[in-house]
Amino acid sequence: MSQPTLPKGTRDFGPQEVARRNYIFNTIRSVFELYGYQPIETPVMENLSTLTGKYGDEGDKLLFRILNSGDFLDETKKKFRGTTVEQLEAKDTASLLAEKGLRYDLTVPFARFVVMHRNDIVLPFKRYQIQPVFRADRPQKGRYREFFQCDADVVGSDSLWNETEFVQIYDTVFYRMNLQVIIRLNNRKVLNGLAQLIAAAEKATALTVAIDKLDKIGIQGVRQELIQGGFSESQIHTIERFFKLHGDNRTKVLQARELLQGISEGEKGCDELLEVLDKLSSAMPLHNKLEIDFTLARGLSYYTGCIYEVVADEGTLKSSIGGGGRYDDLTGIFGVKGLSGVGISFGADRIYDVIEETGKFPESALQGARVLAVNFGGEDETAAWQAVQQLRHNKISAELYPQAAKLAKQFKYADDKKIPYVLIIGEAERNAKSVTLKNMQTGDQEKTTLAHVIHLHNKY
RNA sequence: GUGAUUGUAGCUCAGUUGGUUAGAGCGCCAGAUUGUGGCUCUGGAGGUCGCGGGUUCGAGUCCCGUCUUUCACCCCA
């Protein structure tokens, strides 16, 4: 087949899809800016050395690597002539083939940005970033190889006001999108405290990975997973007491704090959660559900404090449409110690899928000309073109049908493109110094003046 | 990366145990209607059956490979 195709997991976007995506981006952007975040952008590609080792072994496998340019292949062949496979494996041969990669998320490039521009930025630095990221994953429902993340992070502030405001940002964005979501909140210190409580600090990761699956594989599944992970019955019993805690958010945290008594890290995690809840209680009530959820773990290993996850409370997509958290020493990996960061991310493509499925895109997400002027050719054509210019001069988006085609064809064009008004200027109208305006939705049409048309449409 | 699954007209899909010239609906184009879209009627165009190989007298149909789609696992937005 000579038909062109797209790489696996990538998509084209037509005019309507772009309009709807812009609606999502604009909603998120306006809330970010409302909270004082400023935009930055970074390149789609980073040095591989910036990216590798930041996302765990699984993450490294999902990095897209960019083949080096030039005739390096021949050079490399010469360079390694006569060397054995064992010698090759001992060297960093990969970097000879690829030294650049596509970014995997926006957080690591942001950390790199902060380090490189540390003398130019004002701390605490609040930035947002809306750009595509790339993962060499197998595509499936809600999972793409190229997708947009919308991140807001603040670096250089330990204050829990940041954590508090991120809850509000999530709440506000989804409220503006008319979407019901559940904002889940936990704290890594609580999870670490739990691991210490059962004397399994070194297995903290295995522990969190297992209990993170609770809502997916159920209590029995988690038990299985924990048993396989080498946890004892009594350890598992303690773990289960944790995720069986119930009551309102405050009660749950207080109960957890009691269970973690004497484990200072765990107590601190609970105190942080309580502080965020307190701060929120003195603000306007949230529109969406906020749930303290001790089973929330999140994969990225660099989280150290509060962690967030957002799932839609409507539609069928079960995976998260947003997530984030606090990471102490984010920039440490790039040599600048002691800078703490906290941030959140919106998964724009998954949000799109949910809004699409629930039919909640507003009509205004459509865009295009409001008025089509029909083209009769000759002097009529000139008159229509002048009218179009008048409309544009008055900020009314308008277009002239580019040739004197059959009227039915021109009307069908307006119909197909959902242009709501058609302006008709023919010989009769020119003689009467008037125009005919047809409303494509109602089918009504009236003879009027161009000035009146402009007056009418400027009201919108 | 593991395990399934899909591919036939622009779109959604039929296509019998392998058997003439591969069909339908929608869409598209033209006409009925030379100043009016949606509704109706009439006619028309449009296919290397994902791609490559194999079996067979004969393959859309069976076999192998490959790409692609979708889904689950892993992991994640």
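Numbered from 1 within each chain, the chains take letters A, B, ... in sequence-line order. Everything quoted here is computed from the prediction, not taken from an experiment.
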Rounded to whole Å, CD1 of A:Ile130 lies from P of B:A77 at a distance of 17 Å

inquiry  = Would you measure the distance from the C1' atom in B:C67 across to the matching atom in B:G31 and give it in whole Å?
reply    = 44 Å

task = Determine: side-chain N/O of A:Gln140 to OP1/OP2 of B:A72, distance under 4.0 Å, yes or no.
result = yes

Q.
Would you measure the distance from the P atom in B:G10 across to the matching atom in B:C29 and give it in whole Å?
A. 15 Å

Check: Is the distance between the ring centroids of A:Tyr170 and A:Phe346 less than 6.0 Å?
Finding: yes

Could you label the plane-to-plane angle of the A:Phe148 and A:Phe25 rings as parallel, tilted or perpendicular, counting under 30° as parallel and over 60° as perpendicular?
-> tilted

Taking atom C1' in both B:G58 and B:U21, what distance in whole Å separates the two?
15 Å

Q | Integer angstrom distance from the P of B:C62 to that of B:G25 | A | 27 Å

_Looking at the base of B:C76, is there any donor atom on it, or on the side chain of A:Arg135, that sits under 3.5 Å from an acceptor on the other one?_
no

Contact string for nucleotides 33-47 of chain B, one letter per nucleotide 5' to 3', B = base within protein heavy-atom range under 4.0 Å, S = sugar-phosphate only, - = neither, reads --BBBB---------

I want to know whether A:Tyr128 and A:Tyr37 have ring centres closer than 6.0 Å. no

The answer to which of A:Lys216 and A:Arg350 contacts RNA chain B further toward the 5' end, by nearest nucleotide, is A:Lys216

### Message
One pair to check against side chain to side chain contact (heavy atoms under 4.5 Å, CB included): A:Lys412 and A:Lys409. What are the steps and the verdict?
### Response
CA-CA 5 Å; A:Lys412 188 163 163 40; A:Lys409 191 167 181 151; 5.7 Å; no

Checklist entry - When the ring planes of A:Phe166 and A:Tyr308 are compared, do they come out parallel, tilted or perpendicular, using 30° and 60° as the limits? => result perpendicular

From CD1 of A:Ile183 across to P of B:A77 the rounded distance in Å is 17 Å

Check your understanding: For atom P, what is the distance between B:G53 and B:A24, given to the nearest Å?
Key -> 31 Å

Worksheet item: Quick one: does A:Arg103's side chain have a donor or acceptor within less than 3.5 Å of a partner on A:Glu46's backbone?
Response: no

**OP:** Check step by step if side chain to side chain contact (heavy atoms under 4.5 Å, CB included) holds for A:Lys100 and A:Asn68.
**Re:** CA-CA 8 Å; A:Lys100 299 177 292 298; A:Asn68 291 344; 4.2 Å; yes

Whole-Å distance, A:Tyr144 OH to B:C75 C1', equals 17 Å

A:Asp137 CG to B:U69 P, in whole Å, measures 13 Å

Could you check whether A:Lys417 gets within reach of a base, just the sugar-phosphate, or nothing at all, counting any heavy atom under 4.0 Å? nothing

Atom CG of A:Asp57 and atom P of B:C74 are separated, to the nearest Å, by 17 Å

Integer angstrom distance from the P of B:C49 to that of B:A59: 12 Å

query: Can you say whether the rings of A:Tyr413 and A:Tyr401 are parallel (under 30°), tilted (30 to 60°) or perpendicular (over 60°)?
result: perpendicular

Its dot-bracket string being built from Watson-Crick and G-U pairs below 3.5 Å, with | for another strand and [ ] for crossing, RNA chain B has the pattern ((((..(..((((.....[...)))).(((((.......))))).....(((((..]....))))))..))))....

Separation of B:A77 atom P from A:Ile182 atom CD1, nearest Å, is 18 Å

Each nucleotide of nucleotides 4-10 of chain B classed B (base within 4.0 Å of a protein heavy atom), S (only sugar-phosphate) or -, in 5' to 3' order, makes -------

Side chain to side chain contact (heavy atoms under 4.5 Å, CB included) evaluation trace for A:Gln445 with A:Asn439 | CA-CA 6 Å; A:Gln445 70 181 49; A:Asn439 180 326; over 6 Å; no

A:Arg11 CZ to B:U69 P, in whole Å, measures 12 Å

- prompt: Relative to each other, are the rings of A:Phe294 and A:Phe242 parallel, tilted or perpendicular (30° and 60° limits)?
  reply: perpendicular

If I pick the C1' atom on B:A14 and the same atom on B:A77, what distance separates them, to the nearest angstrom? 39 Å

**OP:** Might you work through the side chain to side chain contact (heavy atoms under 4.5 Å, CB included) test for A:Ile24 and A:Asn26, ending with a clear yes or no?
**Re:** CA-CA 5 Å; A:Ile24 293 173; A:Asn26 292 339; over 6 Å; no

Parallel, tilted or perpendicular, as decided by the 30° and 60° cut-offs, for the rings of A:Tyr175 and A:His287: parallel

With a 4.0 Å cut-off on heavy atoms, is A:Gly324 in touch with a base, just the backbone sugar-phosphate, or nothing at all? nothing

(message) Does the plane of the ring in A:Phe110 sit parallel, tilted or perpendicular to the ring in A:Phe113? Use 30° and 60° as the thresholds.
(response) parallel

TODO: Tell me what A:Lys141 touches on the nucleic acid: a base, only sugar-phosphate, or nothing, going by heavy atoms under 4.0 Å.
DONE: sugar-phosphate

In whole angstroms, the gap separating C1' of B:C73 from NZ of A:Lys213 amounts to 9 Å

Separation of the P atoms in B:C57 and B:U2, to the nearest angstrom
38 Å

Margin query: Any base atoms under 4.0 Å from A:Val209, or only sugar-phosphate, or nothing? Heavy atoms, all strands.
Written below: sugar-phosphate

